[in-house]
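Have a look at the structure below before the remarks.
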Amino acid sequence: MTLAIVTVMIAGGHADTISVIAANGDTVVYITKTGDCYHKDGCSSLSHSKIQTTLKDAVDNGYRPCKRCKPPIFDN
Ligand SMILES: [Zn+2]
């Protein structure tokens with residue numbers, strides 16, 4: 001049990017899955033004119049408007065991660 005957890009942590013340090021969960025503030029995300037969520041590139045919610053910003057700015061302005069595209073979450 002303990003060994004399994006440690007193995008996951010070591011492997012996770014190099015895996016993309018970790019950066020999806022927690023990313024630095026410079027990560028590019030997208031917001032829309034009307035929504036209150038931020039998105040990853042390619043999300044279907046961005047079909048009407050798509051404004052490039054950074055993860056830190058999005059979070060600072062009160063935007064929440066989109067439930068549909070699961071963008072990175074700011075790890076401060
Ligand atoms: Zn989205």
Side-chain angles (χ1 to χ4, degrees):
M1 187 62 175
T2 305
L3 181 62
I5 293 169
V6 170
T7 303
V8 166
M9 286 176 70
I10 292 169
H14 301 287
D16 286 340
T17 48
I18 292 297
S19 63
V20 169
I21 295 166
N24 74 46
D26 294 332
T27 303
V28 172
V29 295
Y30 299 88
I31 58 174
T32 63
K33 284 180 186 170
T34 53
D36 57 1
C37 295
Y38 63 88
H39 307 271
K40 285 199 297 192
D41 195 13
C43 179
S44 56
S45 301
L46 298 170
S47 55
H48 296 299
S49 61
K50 180 179 174 183
I51 302 161
Q52 183 176 323
T53 184
T54 63
L55 183 55
K56 185 179 187 304
D57 277 354
V59 172
D60 282 351
N61 287 304
Y63 287 89
R64 293 177 286 106
C66 171
K67 290 191 177 84
R68 218 181 275 179
C69 62
K70 298 187 172 61
I73 292 167
F74 186 33
D75 179 26
N76 54 2

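Owing to the predicted nature of the structure, the values given are computational and were not obtained by experimental measurement. Indexing begins at 1, ligand by ligand and atom by atom, following the structure's order. All residue numbers in this chain count up from 1 along the given sequence.
- The nearest pair of heavy atoms linking Thr32 to Ser45 is CG2-O, 3.7 Å.
- The environment of NZ in Lys50 is crowded: more than 12 heavy-atom neighbours from other residues, nucleotides or ligands sit within 6.0 Å.
- Minimum heavy-atom separation, Arg68 to Ser44: NH1-OG, 2.9 Å.
- Summarising the geometry of Lys56 relative to Phe74, their closest heavy-atom pair is CG-CE2, 3.9 Å, with the distance given to 0.1 Å.
- Within the 4.5 Å cutoff, the side chain of Lys40 has no heavy atoms near those of the Cys66 side chain.
- Of all protein N/O/S atoms, those lying under 2.8 Å from the Zn ion (ligand 1) come to 4.
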I would like to know whether Tyr63 and Leu55 meet side-chain contact (heavy atoms from CB on, under 4.5 Å); could you show each step before the answer? CA-CA 9 Å; Tyr63 287 89; Leu55 183 55; over 6 Å; no
